[in-house]
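The structure under discussion appears below in the form of C-alpha cells.
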Amino acid sequence: MRKWLLRGAAAGGVGGLAYQFMPVSSKDFGGIEKKKGITRYNSLLDRGQDVKSMPSRDDQVKALKSGEPFDMVIVGGGCTGAGAALDAVTRGLKVACIERGDFSNETSSRSSKLIWGGFKYLQVAFAELLSQNTLSVPISSLQKFWGEFNMVWECCQERSWLAGFQPHLVEYVPQAVPFNVWFQWPPFFDHPFYSILPVLAVPAFWFYDALAGFHGPMSYWMGPAKTKEVFPQLSDVKYSAVYAEAMHNDARTGTAIALTAAYKGAQICNYIEMTGFVYGGPEGATCTGIRCVDKVTNEEFEIKATAVVLATGAFLDGIRRMEDPNVQPSVRAAAGCHIILPGYFTPGGMGFANLRTSRGATMYFLPWLGHTVVGSTDKKCDATSSPKVSEDEIQYLVNEAASCLSPDIRVRRSDVMSAWQGWRPLYRDPNAPPDAPVSRHHSIGIDPTTGVTFICGGKWSTYRAMAEELVDKVVDFKKLPAGPCSTKTIKLMGGDGWHPLLYVQLIQKYGVSEEIAKHLVHTYGTGAFAVCEMARPTGKRWPRFGRIVAEGHPYIEAEVDYACKYEYVVTVKDMLTLRMRLAYLNSEAAKEAIPRIADLMAQNLGWSKKEKAKQIELAQEYIGDFGGPVANKEGAQLRAATYTDLVEAFTAVDTDSNGYINEQELNHAAIKLGFPFRNKNDLAKAVKVMDTNNNGKISQGEFVEWWNRKDEFSRKLHQTLSLTAANEVAIDKLLADEKPTSK
C-alpha cells in the first residue's frame with residue numbers, strides 16, 4: 001500500500017511540475033490570437049462590440065409587433081431561452097424571443113454561482129459501477145454509469161469553454177475540501193467505497209481535471225499547516241484537497257447572452273408576456289404563433305412563427321395549461337436557499353466544502369463578489385417569482401455553517417447580509433408511471449399535434465450545448481433553412497477586445513478606483529469603456545470619477561445610465577437585483593439605494609412622478625423579500641440558534657455579570673431571541689429543567705444546552721431541507737414520493 005501511495009505521489013508531483021511550467025499560449029480557448037499587453041496610449045483602439053449599434057428596447061418591441069412572421073419564437077429569456085435565440089440567429093434564422101420579466105429573472109439568477117463540472121455526479125457514476133447492481137442487472141447498471149459519466153464529461157467540456165472563451169464573465173475559483181479523518185463513516189455519498197475518499201481525493205480530482213482536458217488549474221493538496229494558514233476559521237484537519245470550479249455572476253452572464261443575441265440580429269425583449277397560443281394549418285391544430293402583452297404599455301399583439309419553443313424552466317406547466325387546463329404536470333421544482341455572509345469567511349478568494357457535516361448534510365462556502373455564498377438547502381416546492389425564504393431556513397443554514405467552523409470564529413444570525421431562494425426545474429414525463437424518477441438531465445420534447453417544442457431541466461454549465469441541441473431538433477422537425485451551430489466561436493457581449501489588464505486602462509484613462517475598475521471589466525467586459533464615459537465626477541482628489549451607489553460596494557451611478565440606454569432595463573428592482581447584484585449581496589444597502597436609483601432611472605426613461613413612486617413601491621416590496629441581518633421570527637418554529645447568538649443574549653440579560661441568570665432574566669433572553677414563553681407555567685417548567693442544581697440560578701452552559709435541545713420540529717426541518725450528498729446527486733429519490741396530480 002505504501003509503495004503504491006509513494007508512486008502515486010511521485011506521479012502527481014511530476015504532473016504538477018509539468019503543469020506549472022507549461023508555456024503560455026498566444027491563442028485563447030477558441031484559437032484566436034490573444035490581445036497584446038497593455039499599451040497606455042493605444043489602449044482605446046479596440047473596444048470590442050459597439051454597444052451604440054445595439055437596437056433599443058423600443059426598436060425590438062416595434063419589430064415584434066410588426067406582424068412579420070419569424071422562423072422561430074422562443075418563450076423565456078433565461079440562459080436556455082436566450083442561448084437558443086443566440087444559436088438560432090447565428091445560423092441565419094429570423095428569431096423572436098420574449099421574457100415576461102427581466103432577462104434571467106428567475107432560476108438563472110438564483111443559482112449557486114458555480115459553473116460546475118459535476119464532481120459529485122462523477123462519484124455517483126462510479127458508485128453505481130461498484131454496486132451489486134453491476135452483477136445482478138449489469139446492462140442497466142452500465143447504462144446508468146455511462147449516462148452519468150457522459151453528463152459529467154459534457155459539463156467539464158462546456159465549463160472549459162466558458163472559462164476559457166468568456167473570461168470576462170467566468171473565472172476559475174479554487175475550492176478546498178478539508179478532511180479531518182482518513183476513514184469516514186458513515187461514508188461520503190452513502191457508499192462504502194467512499195469511506196476512503198480522504199485518501200483518494202486528490203487522484204480523483206486529477207481524473208476530474210483530465211475530463212476537462214486540463215484546461216483549468218490543476219488539483220493539489222494542502223497540508224494541515226497550509227490549510228490552517230489559508231482557513232484559520234477551520235478546526236484542525238489532516239489535509240485539504242484543492243480543486244477548481246468556475247464561478248460567475250449568473251444574472252450578468254444571462255444578460256450578456258440576451259444582449260449578444262440582440263447584437264447578432266434577434267428580436268429579443270424583456271417584459272413581454274405570452275398570454276396564449278395561435279393556431280392554424282390545414283386542420284387548425286398547428287401552433288402558428290403566440291399572443292403577447294407588452295407589460296410596459298399593456299398593448300396586446302401576436303407574434304407569428306413557423307416554430308414555437310417554450311423555454312420557461314420551472315414555470316413550463318403554467319404555459320402548458322394555456323393549451324390544456326387539465327394537463328398533467330411535467331416539472332418538479334426543487335427549491336434551494338442560499339445565504340450571504342461577509343467575505344472574511346472565505347479569505348484569499350478560495351472556497352471550501354464540507355462534504356458531510358455532523359448532521360449528514362453537504363455545506364459549501366464560496367467566495368462571490370467580495371462576499372461568501374453559503375448553501376444550500378433542498379426541498380420540494382412549487383416555483384414562485386419571489387426570492388423570499390423562510391426565517392427557519394435562514395436560521396438552519398446559519399446553524400449548519402457554524403457547525404463547520406472553529407470555535408475561534410462564530411457565525412451569528414446578524415452576519416447574514418442577504419438570503420434568497422431559487423429552483424431547479426426537474427423534468428418528469430407526465431405519461432410515465434407515478435413513481436417514475438425525475439430527470440437530472442435536460443429534456444426536449446415536441447408535441448406531434450401542435451408542433452410546439454419545449455425544453456426543461458439542465459444546468460448553467462451546459463446552457464450552450466442545450467441550446468445547440470434544441471435548435472438542431474427544431475430545425476430538423478420544421479425543416480428550417482439553417483446553417484450549422486457557431487456559438488463556440490462567439491464572444492458574449494463585452495468579450496471582444498477583453499484582456500486581464502483592461503482594468504488598469506480604465507484607471508489610467510478615467511480615474512476610477514481599482515475596485516470599481518475590476519468590477520466593471522468583469523461585469524461589462526469592454527463595455528466598461530462606455531460605462532466610464534458616462535461616469536460623473538466625485539469631487540474628490542481620488543478617485544476622480546465614479547459616484548458609488550452604496551457605501552462599501554463598487555457599483556456606480558453610471559451603470560444605471562448605461563443599463564437604461566443599452567441594456568433594456570425597465571424597473572428599479574431589476575437594476576438593484578440583476579444588473580447590479582446589490583440586493584443579493586446586502587439587502588439593507590439595496591433598500592437604502594432605491595430612491596437614488598429611481599431618480600437616475602426617471603431622468604433616463606422620462607418617468608412621471610406617479611410612475612417613479614410606483615417603481616419605488618415595487619422595488620421596496622420585492623427587495624423586502626430578501627433575507628437580511630434582522631431576523632423576523634414571526635411565525636418561525638426553529639428555535640435553535642448559534643452559540644454566539646445565545647451567548648450574546650445571555651450576556652445582555654446578565655446585567656450583574658455574575659455568569660448566571662434567574663427566571664426573570666431567562667424570560668428576557670427568550671424574548672430577545674424571538675421565542676417568548678407562552679405563559680408563566682412554561683417559563684417555570686423551563687427553569688426547573690435547566691436548573692439542575694435547584695439553586696434558582698442558570699449558568700450560560702445550561703442555558704445554551706437547553707435552548708438548542710433537539711425537538712420534533714428541528715428534526716423534521718433537517719429532514720426536509722438537508723442537501724445531503726444523496727439528495728444532491730439523486731434528486732429523483734427526494735421527489736419519488738410525489739405523485740403527479742391534475743391541476
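Owing to the predicted nature of the structure, the values given are computational and were not obtained by experimental measurement.
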Ring centres of Tyr208 and Trp116 under 6.0 Å apart?
no

Can you name the residues that form a ring pair (Phe, Tyr, Trp, His ring centres under 6.0 Å) with Trp420, not counting sequence neighbours?
His338, Tyr584

Using only atom types and a distance under 3.5 Å, with no angle test, would you say the side chain of Gln267 pairs donor to acceptor with the backbone of Leu64?
no

Per the salt bridge (charged side-chain N to carboxylate O under 4.0 Å, His left out) rule, what does the pair list look like for residues 259-277, sequence neighbours excluded?
Glu273-Lys295

Donor-acceptor contact present, side-chain Thr462 to main-chain Cys155, <3.5 Å:
no

I'd like to know if the side chain of Thr346 reaches the main chain of Phe365, judged simply by a donor and an acceptor atom lying under 3.5 Å from each other, with no hydrogens or angles considered.
no

Here the pair of heavy atoms bringing Leu114 nearest to Met247 is CD2-CG, 3.6 Å

Which residues pass the side-chain hydrogen bond (donor to acceptor under 3.5 Å, both in side chains) test with Lys65, sequence neighbours left out?
Glu299

Please list, chain by chain and in numerical order, all residues satisfying ring pair (Phe, Tyr, Trp, His ring centres under 6.0 Å) with Tyr568, sequence neighbours excluded.
none

Asp472 meets the side chain to side chain contact (heavy atoms under 4.5 Å, CB included) criterion, sequence neighbours left out, with Arg91, Glu468

Residues passing the salt bridge (Lys or Arg N to Asp or Glu O under 4.0 Å) test with Asp102, sequence neighbours excluded, are Arg579

Under 3.5 Å donor-acceptor, Ser109 side chain and Ser104 backbone
yes

Give a yes-or-no answer on whether the side chains of Ser385 and Glu106 include a donor-acceptor pair shorter than 3.5 Å.
yes

Taken in chain and number order and not counting sequence neighbours, the residues that satisfy salt bridge (Lys or Arg N to Asp or Glu O under 4.0 Å) with Lys113 are Asp250

The side-chain hydrogen bond (donor to acceptor under 3.5 Å, both in side chains) partners of His168 (sequence neighbours excluded) come to none

Go through the structure and list residues passing ring pair (Phe, Tyr, Trp, His ring centres under 6.0 Å) with Trp368, not counting sequence neighbours.
none

List in chain and number order the residues that pass side-chain hydrogen bond (donor to acceptor under 3.5 Å, both in side chains) with Asp447, two or more places apart in sequence or in another chain; answer none if no residue qualifies.
none

Please confirm whether Arg464 makes a cation-pi placement over Phe165, using NZ or CZ under 6.0 Å from the six-membered ring centre and within 45° of the ring normal.
no

Just jot down the side chain to side chain contact (heavy atoms under 4.5 Å, CB included) partners of Ile444, sequence neighbours excluded, or say none.
His442, Thr453, Ile455, Glu469, Leu470, Lys473

CH2 of Trp161 to NZ of Lys488: how many Å apart, nearest 0.5 Å?
8.5 Å

Contacts of type ring pair (Phe, Tyr, Trp, His ring centres under 6.0 Å), residue Trp153, not counting sequence neighbours
none

Heavy-atom nearest pair, Tyr622 first then Thr577, reads CE2-CG2, 4.0 Å

Using modelled atom types and a 3.5 Å cut-off, is there a donor and acceptor pairing between side-chain atoms of Glu559 and backbone atoms of Ile556?
yes

Counting N and O atoms only, with roles assigned by atom type, does the side chain of Gln166 sit under 3.5 Å from a partner on the main chain of Ile490, one being a donor and the other an acceptor?
yes

